Q: 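The following block contains the structure, expressed as structure tokens.
Numbers for residues simply follow the sequence, beginning at 1. None of these values were measured; they are calculated from a predicted model.
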Amino acid sequence: SYMTKKAIQFCLVGLLMVTFSLTALAAGAGDIKWDKPVPMAERIAGQGPVEVIPADYDDYGVKLSGKKAMLTGYKLPDGWKSAIGGVKNLVLTNSGGLKHDPATVLNAKIFEKLTGVHLDLIEMKDALLWPKSLSVAMARSTDVDIFYSTRSMLEIPHMSAARWIEPVDVLWPPEARALYPEKLLDTIKGPDGKYYGSPFCLWAMHLFYRPSWLKEAGVEVPNTWQELVVASKKIDDWAKKNKGPDFTGMVYGMGDRDQLHQIWSMTTFSQDKRIMVDGKVVIDPDAWGMMTDLWTKGGMSKESTEYQWSSAPEVFAKGKAGFIITGGVYMKNFADPEFGTGVENDWDVTLLPAWEGVGKKGVAVAGNDSWMMNVSISPEKKAAAMLWFDYQRSYQAQFNELYLEGNESVINAVYEHPAVMKEVSRADLRRPTVAAMIGESYPPGMLEILDVFMEYLHQVALGMESADAARTKAQQEIDSIQ
């Protein structure tokens, strides 16, 4: 039965915790002097000029030459060369296609020029990343050296509790931590309090809308979640009447666990509540009511139950929806005529809604993408992986994430760079959204909990179950997992 399977899974995780005691940092990384030639914080915070990218950085089928970025700044630590031995390449998983990730490509090329280590980046659909990482880790395989984590606060507790990833506390002394928001660093910690990752970009969410639709339908830009339900319904009615049956009021990546966790956090945190209550995951009735209202009373499309994080914005970009909540990276993408084919010069963006009577806008969980290191790889590969972690969190790499790609930076100081202030779209929205993010840590079973959450939310969205009955059943199943 379902429950027996779950019980067996938990026993297995328990056994793994007992069986595999923590491995000490291997010989390879032990040779690295992280505070030489200059102290670590200074070493990773170095800045170079913003310059035109030459043709020898074009790789992985992505053309970067002619664009501008920061090609220098970071300094490698002393002892790195002997530490990595003969390592010439590392295998990493990547979330989605690299054509969407110019900063990843550029930073990989910069790293290769610095160290001689080539990164084999495996492009994977987001939905396959987690099962693939799990199967490699469980088999103690060395086919993948570094796992991509799209939701580190959900995945790191699970992977570290099972001892499948390598702790990297040596990278996080207090003076290095001071460069990053504390709430962000909490998302790369395991339940044992050790650090297991290196954050390399932030996924901050915003409310995008079509100004011409709102104007024609006589709808104001919503400031609260309550107003969004009403506005999306009005836009949905208007669009179906004036545009056609395949147009909709609102889309969202509701078939994607990470995106579900995001909207669950938004509707909970904006009330000044939390998902974790006394160490347990609790579905707040008001947050659940708001999410289900978007369908039952609002204009959210039924198709949204099937959309992933990348497919919902494609629907908006084709001009088929009035509202979408999605990542800040789409400020760049919707403005690109090749992507935003149906929204050219007719989209705008604002902070996430506040909760009526509470009044804080832009509040969501810290959506942190991170790297995790396979515990089973050789000491030399671990050393090389740690250098990649070290570089990716640097000011230089973080500048490229924001300036070149439009992801949010994990280093606050990057927002003060003159080129960012002058040239990056809507820094006025980006900064407060990053500042309003809330870090929350979850138990190792959180990904299973999100599957249960998704199943019952979809039942309400598709008219198969009432909101209250679905929440009660979902909470009972969640309690049995905990």
Side-chain angles (χ1 to χ4, degrees), residues 22 24-26 28-48 70 72-81 83-84 90 103-104 107 110-111 114-115 117 146-149 152-153 156-157 160 165-202 366-373 382-402 407-417 420 434-435 437 439 441:
L22 266 174
L25 262 182
D31 293 348
I32 298 174
K33 296 174 178 58
W34 298 102
D35 280 313
K36 296 272 185 300
V38 293
M40 183 190 279
E42 192 185 323
R43 208 173 45 64
I44 62 178
Q47 298 177 38
M70 197 178 281
T72 56
Y74 166 83
K75 283 189 179 72
L76 282 165
D78 283 356
W80 70 269
K81 216 172 173 115
I84 69 169
L90 288 171
T104 303
N107 285 327
I110 290 168
F111 184 75
L114 278 169
T115 61
V117 177
I146 295 172
F147 304 115
Y148 186 110
S149 171
S152 58
M153 69 306 237
I156 283 177
S160 63
I165 52 176
E166 181 81 15
V168 290
D169 282 359
V170 66
L171 290 177
W172 297 107
E175 58 278 16
R177 295 204 301 267
L179 298 170
Y180 306 85
E182 190 59 42
K183 62 193 174 190
L184 194 61
L185 295 179
D186 286 345
T187 69
I188 59 167
K189 273 185 185 170
D192 57 4
K194 291 185 190 309
Y195 292 95
Y196 284 91
S198 184
F200 69 92
C201 77
L202 272 179
N368 175 26
D369 287 25
S370 175
W371 300 110
M372 307 181 287
M373 192 194 312
K382 284 180 183 172
M386 286 182 80
L387 292 175
W388 171 243
F389 282 23
D390 189 50
Y391 168 70
Q392 266 271 248
R393 64 179 179 163
S394 71
Y395 186 102
Q396 180 191 344
Q398 287 305 305
F399 176 89
N400 293 336
E401 282 290 343
L402 176 61
N407 281 324
E408 302 311 327
S409 162
V410 299
I411 290 189
N412 293 333
V414 168
Y415 290 91
E416 281 143 35
H417 192 286
V420 168
V434 172
M437 280 184 169
S441 300

Q: Quick one: does Tyr391's side chain have a donor or acceptor within less than 3.5 Å of a partner on Leu76's backbone?
A: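 A pair under 3.5 Å: no.
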Q: To the nearest 0.5 Å, what is the distance between CG (Asn400) and OG (Ser394)?
A: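 These two atoms lie 8.0 Å from each other.
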Q: Within a 6.0 Å radius of atom NZ on Lys75, are there more than 12 heavy atoms belonging to other residues, nucleotides or ligands?
A: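 For Lys75, atom NZ is not crowded (no more than 12 foreign heavy atoms under 6.0 Å).
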Q: How many angstroms lie between CD in Glu401 and CD in Gln392, if you round to the nearest 0.5 Å?
A: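 Between Glu401 CD and Gln392 CD, I get 6.0 Å after rounding to 0.5 Å.
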Q: State, to 0.1 Å, how close Leu184 and Ala366 come at their nearest heavy-atom pair, and which atoms those are.
A: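 That would be CD1-CB, 4.4 Å.
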Q: So if I apply the ring pair (Phe, Tyr, Trp, His ring centres under 6.0 Å) rule between Phe111 and each of Trp80, Tyr74, Trp388, which one comes out positive?
A: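 Result: among Trp80, Tyr74, Trp388, Trp388 is the only option passing the ring pair (Phe, Tyr, Trp, His ring centres under 6.0 Å) with Phe111.
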Q: Kindly say whether Tyr195 contributes a backbone atom to a donor-acceptor pair with the side chain of Asp169 at under 3.5 angstrom?
A: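 Indeed, once roles are kept as given, a pair shorter than 3.5 Å links the two residues.
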Q: Pairing donors with acceptors under 3.5 angstrom, does anything connect the side chains of Asn412 and Tyr180?
A: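 No - no donor-acceptor pair under 3.5 Å links their side chains.
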Q: Just by distance, do the side chain of Gln47 and the backbone of Tyr395 share a donor-acceptor pair under 3.5 Å?
A: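 No: the side chain of Gln47 does not pair with the backbone of Tyr395.
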Q: Would you please test Trp371 and Ser149 for side-chain contact (heavy atoms from CB on, under 4.5 Å) and show each step?
A: CA-CA 6 Å; Trp371 300 110; Ser149 171; over 6 Å; no
Q: If every non-hydrogen atom of Phe200 is compared with every non-hydrogen atom of Gln398, which pair is closest and at what distance?
A: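 Looking at all heavy atoms of both residues, the shortest contact is O-NE2, 2.9 Å.
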Q: Are any side-chain N or O atoms of Lys183 and backbone N or O atoms of Met437, one a donor and one an acceptor, separated by less than 3.5 Å?
A: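 Such a contact is found between Lys183 side chain and Met437 backbone.
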Q: Run the side-chain contact (heavy atoms from CB on, under 4.5 Å) check on Val420 and Val414 step by step: do they pass?
A: CA-CA 7 Å; Val420 168; Val414 168; 4.2 Å; yes
Q: Rounded to the nearest 0.5 Å, how far does CG of Asn368 lie from CD of Glu408?
A: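 It comes to 12.5 Å.
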Q: Look up atom CE in Met386 and atom CD1 in Ile146, then write down how far apart they are to the nearest 0.5 Å.
A: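 CD1 of Ile146 is found 11.0 Å from CE of Met386.
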Q: What verdict does the side-chain contact (heavy atoms from CB on, under 4.5 Å) test give for Glu166 and Tyr196, after you've listed the backbone C-alpha separation in whole Å, the side-chain angles of each residue and the deciding distance to 0.1 Å?
A: CA-CA 6 Å; Glu166 181 81 15; Tyr196 284 91; 6.0 Å; no
Q: By the definition side-chain contact (heavy atoms from CB on, under 4.5 Å), identify the one residue from Thr187, Val410, Ile188 that meets it with Ser370.
A: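 The single option meeting the side-chain contact (heavy atoms from CB on, under 4.5 Å) with Ser370 is Ile188.
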Q: What pair of heavy atoms forms the shortest contact from Pro191 to Ser160, and how long is it?
A: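 Closest heavy-atom pair between Pro191 and Ser160: CD-OG, 3.4 Å.
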Q: Ignoring hydrogens, what is the shortest heavy-atom contact between Pro37 and Asp78? Give both atom names and the distance.
A: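 Of all heavy-atom pairs spanning Pro37 and Asp78, the closest is CD-OD1, 3.4 Å.
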Q: Verify, without hydrogens or angle tests, whether Asp35 (side chain) and Met40 (backbone) share a donor-acceptor contact under 3.5 angstrom.
A: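 Yes, the answer is positive, given that a donor and an acceptor are paired below the 3.5 Å cut-off.
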Q: State whether Arg43 and Asp390 are salt-bridged, where the test is any N-O pair (Lys NZ or Arg NE/NH1/NH2 against Asp/Glu carboxylate O) under 4.0 Å.
A: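 Yes.
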Q: Restricting to side chain to side chain contact (heavy atoms under 4.5 Å, CB included), what partner residues turn up for Ser198, sequence neighbours left out?
A: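 If we apply the side chain to side chain contact (heavy atoms under 4.5 Å, CB included) test to Ser198, skipping adjacent residues, the hits are Trp172, Phe389, Arg393.
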Q: Measuring from atom NZ of Lys189 to atom OG of Ser441, what distance do you get when rounded to the nearest 0.5 angstrom?
A: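 One finds 8.0 Å between NZ of Lys189 and OG of Ser441.
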Q: Tell me every residue that passes side chain to side chain contact (heavy atoms under 4.5 Å, CB included) with Lys81, counting only those two or more places apart in sequence or in another chain.
A: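 If we apply the side chain to side chain contact (heavy atoms under 4.5 Å, CB included) test to Lys81, skipping adjacent residues, there are no hits.
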Q: Working to the nearest 0.5 angstrom, can you tell me the gap between Ile411 CD1 and Glu416 CD?
A: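 It comes to 11.5 Å.
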Q: Within the side chain of Gln396, is there an N or O that forms a donor-acceptor pair under 3.5 Å with the backbone of Met70?
A: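 Yes; judged by distance alone, with no hydrogens or angles, the pair exists.
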Q: Listed by chain and number, what are the side chain to side chain contact (heavy atoms under 4.5 Å, CB included) partners of Ala383, not counting sequence neighbours?
A: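 Checked Ala383 against side chain to side chain contact (heavy atoms under 4.5 Å, CB included); matches are Ala29, Ile32, Ala83, Ile84.
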